[in-house]
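A short write-up of the structure that comes next.
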Amino acid sequence: MKNMETNGANTSPIFLMKTALIISAVAVILLTPFSIIHFIEGRVLLGLSSFAIVIISALNTWNCIYKHYQPLLILYGLVPCIIMSLILIFRELGIEGMLWSYPAALSFYFMLPGRYAWIANTLLLAIVVPQAWISVDTVLATRFAATLLMTSIFAGIFITFISKQQSKLETIAVTDSLTGLFNRSLLQNTLDRAIEQSRRKGTPMTLLMLDIDHFKTINDTLGHFIGDNVLRDLGDYFQQRVRGADTVFRIGGEEFIILLNDTNGTTAHRVAENMRKEIALLPLLSEQAVTISVGIAELQPEDDINNWLKCADKNLYKAKSAGRNQVAACSSDDGGELRQSS
């Protein structure tokens, strides 16, 4: 499916942002008193390192609140500070200091994408375990190394499982089960981003609003099962036909919207006309050809989402009123010139 948001580890960015927000906020609340105590008791280096963790956690909390999840800040900022603090606390507090290694290992998995989390935990084990051998007796250090390794492995397995489940749920929530296309729940966010990109970079954006001609007649005469097959086959066609940068939605019944990224109205008209001709030739029904009507709306500088969609819908209505199996396009200004093709 086009434009589904994923990362290399199959871990949902939304899930990671939420868990990173919670863990960072908790770290700020719980570690601030410890940082102050370290300064009061004269452990200046330990106080500075723990205070650095608090500052970076506070920054990460702020970023996550405003939807700016930054895993590199965690990997290159928070992880080294945590490991440095663990080394210092081992030397200062011995056995007591070792206990902080377990929440550190867990937090890496819940704040970082899979590959980054494994890197962070590998560094944690490689650096902290030798420090344990220096700080405590061999038997206790061996037990610590074994339990920390088990905690790290179990946490990695657990977070992989729940992140995959989260990704599946998010996919189900935004996907039309019949066609495999996006449903309308993702439409507003996608168009918001398109409008923002167009205004920031001057990138042309165009909507195609498509409707299957006489689809009610297909359902009434041939049955809903056949109608569903037509919708499913069209969904397959759209997924294979559009570019990776474009996004296709089924917004209800027999109606679809395609966002053509970095595409002006003239090019979009050519794309729509090619689609119209191709779909008419597809063997969707043995008894008759299936045709579509298309309304085109190129994003204008003054457009918001509602105006943009209304323009596409108005042009779709004109294409259908002109006899269907047509493409109609004009500007979002009602006085704009209408272009039709058949």
Side-chain angles (χ1 to χ4, degrees), residues 2-3 179 181-182 184 186-215 231 234-235 237-282 284 289-342:
K2 304 293 180 180
N3 281 357
T179 62
L181 304 173
F182 288 120
R184 67 183 310 136
L186 204 64
L187 181 62
Q188 178 154 341
N189 286 340
T190 303
L191 297 189
D192 273 336
R193 289 197 297 269
I195 291 173
E196 180 184 354
Q197 180 182 344
S198 180
R199 290 174 178 169
R200 187 176 67 252
K201 298 182 179 180
T203 306
M205 299 285 180
T206 304
L207 290 181
L208 306 182
M209 187 173 288
L210 307 91
D211 192 274
I212 302 174
D213 296 329
H214 304 294
F215 186 71
L231 291 171
L234 272 180
Y237 165 80
F238 288 135
Q239 291 196 69
Q240 295 170 13
R241 180 64 169 77
V242 303
R243 304 168 302 173
D246 303 328
T247 314
V248 190
F249 303 87
R250 181 190 175 202
I251 60 173
E254 70 275 23
E255 195 167 1
F256 302 84
I257 286 179
I258 302 177
L259 171 64
L260 298 178
N261 183 64
D262 197 12
T263 304
N264 60 29
T266 300
T267 303
H269 194 279
R270 185 169 61 251
V271 171
E273 182 63 18
N274 289 338
M275 283 186 176
R276 183 190 67 80
K277 293 177 181 178
E278 290 169 1
I279 289 173
L281 296 175
L282 292 176
L284 300 175
V290 174
T291 62
I292 61 169
S293 299
V294 186
I296 301 176
E298 181 179 358
L299 180 66
Q300 304 299 310
E302 68 278 6
D303 278 346
D304 58 17
I305 288 179
N306 290 333
N307 291 338
W308 196 12
L309 288 171
K310 284 179 181 177
C311 179
D313 186 61
K314 177 189 67 177
N315 291 333
L316 174 60
Y317 177 78
K318 289 178 179 179
K320 295 174 78 70
S321 298
R324 293 183 170 84
N325 192 21
Q326 303 210 20
V327 175
C330 68
S331 72
S332 58
D333 180 0
D334 286 340
E337 180 184 357
L338 175 67
R339 273 192 306 175
Q340 292 179 217
S341 59
S342 61

Counting only heavy atoms from other residues, nucleotides and ligands, does the tally under 6.0 Å from NZ of Lys320 exceed 12?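 More than 12 heavy atoms, drawn from other residues, nucleotides or ligands, come within 6.0 Å of this atom.
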More than 12 heavy atoms of other residues, nucleotides or ligands under 6.0 Å from OH of Tyr317: is that the case? no
Would you call [X] and [Y] a side-chain contact if the rule is heavy atoms closer than 4.5 Å?
X	Y	answer
Lys201	Asp262	no
Val290	Phe215	no
Ile305	Leu187	no
Gln326	Val294	no
Asp192	Gln188	yes
Val248	Gln239	no

Nearest 0.5 angstrom please: [X] [atom1] to [Y] [atom2], how far?
X	Y	atom1	atom2	result
Ile296	Leu210	CD1	CG	9.0 Å
Thr291	Asp213	OG1	CG	3.5 Å
Leu207	Phe249	CG	CZ	9.0 Å
Ile292	Glu254	CD1	CD	12.0 Å
Leu299	Leu260	CG	CG	12.5 Å
Glu255	Leu231	CD	CG	12.0 Å

Measure across [X] and [Y] and return the closest heavy-atom pair with its distance rounded to 0.1 Å.
X	Y	result
Ala280	Ala289	O-CB, 3.6 Å
Met209	Ile257	CE-CD1, 3.7 Å
Gly265	Thr206	N-OG1, 3.7 Å

Thr263 and its side-chain hydrogen bond (donor to acceptor under 3.5 Å, both in side chains) partner, picked from His269, Arg270, Arg243, Glu298: Arg243
Criterion side-chain contact (heavy atoms from CB on, under 4.5 Å) on Phe256 and Leu208, from CA distance to verdict: CA-CA 8 Å; Phe256 302 84; Leu208 306 182; over 6 Å; no
Polar contact flag, side-chain donor to acceptor under 3.5 angstrom, Ser293-Asp211: no
Going by the rule salt bridge (charged side-chain N to carboxylate O under 4.0 Å, His left out), which residues pair with Glu278 if we only count those two or more places apart in sequence or in a different chain?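 Scan of Glu278 (salt bridge (charged side-chain N to carboxylate O under 4.0 Å, His left out), adjacent residues dropped) gives Arg241.
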Go through the steps for Glu273 and Arg276 under the test salt bridge (charged side-chain N to carboxylate O under 4.0 Å, His left out), then give the verdict. CA-CA 5 Å; Glu273 182 63 18; Arg276 183 190 67 80; 2.4 Å; yes
In a check of side chain to side chain contact (heavy atoms under 4.5 Å, CB included) between Leu259 and each of Asp246, Val242, Leu191, which one passes?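 Answer after filtering Asp246, Val242, Leu191: Leu191.
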Quick one: do Phe238 and Ile279 satisfy side-chain contact (heavy atoms from CB on, under 4.5 Å)? Show the steps, please. CA-CA 10 Å; Phe238 288 135; Ile279 289 173; 4.1 Å; yes
I'd like to check the side chain to side chain donor-acceptor pair (under 3.5 Å) partners of Asn264; sequence neighbours left out, ordered by chain and number. Thr267
For Asp304, side chain to side chain donor-acceptor pair (under 3.5 Å) partners two or more places apart: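 Asp304 satisfies side chain to side chain donor-acceptor pair (under 3.5 Å) with Asn307 only.
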Would you say Arg199's side chain and Gly202's backbone share a donor-acceptor pair under 3.5 angstrom?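 No, the answer is negative, given that no donor and acceptor are paired below the 3.5 Å cut-off.
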Tell me, with the steps shown, if Ile195 and Trp308 meet side-chain contact (heavy atoms from CB on, under 4.5 Å). CA-CA 10 Å; Ile195 291 173; Trp308 196 12; 3.9 Å; yes
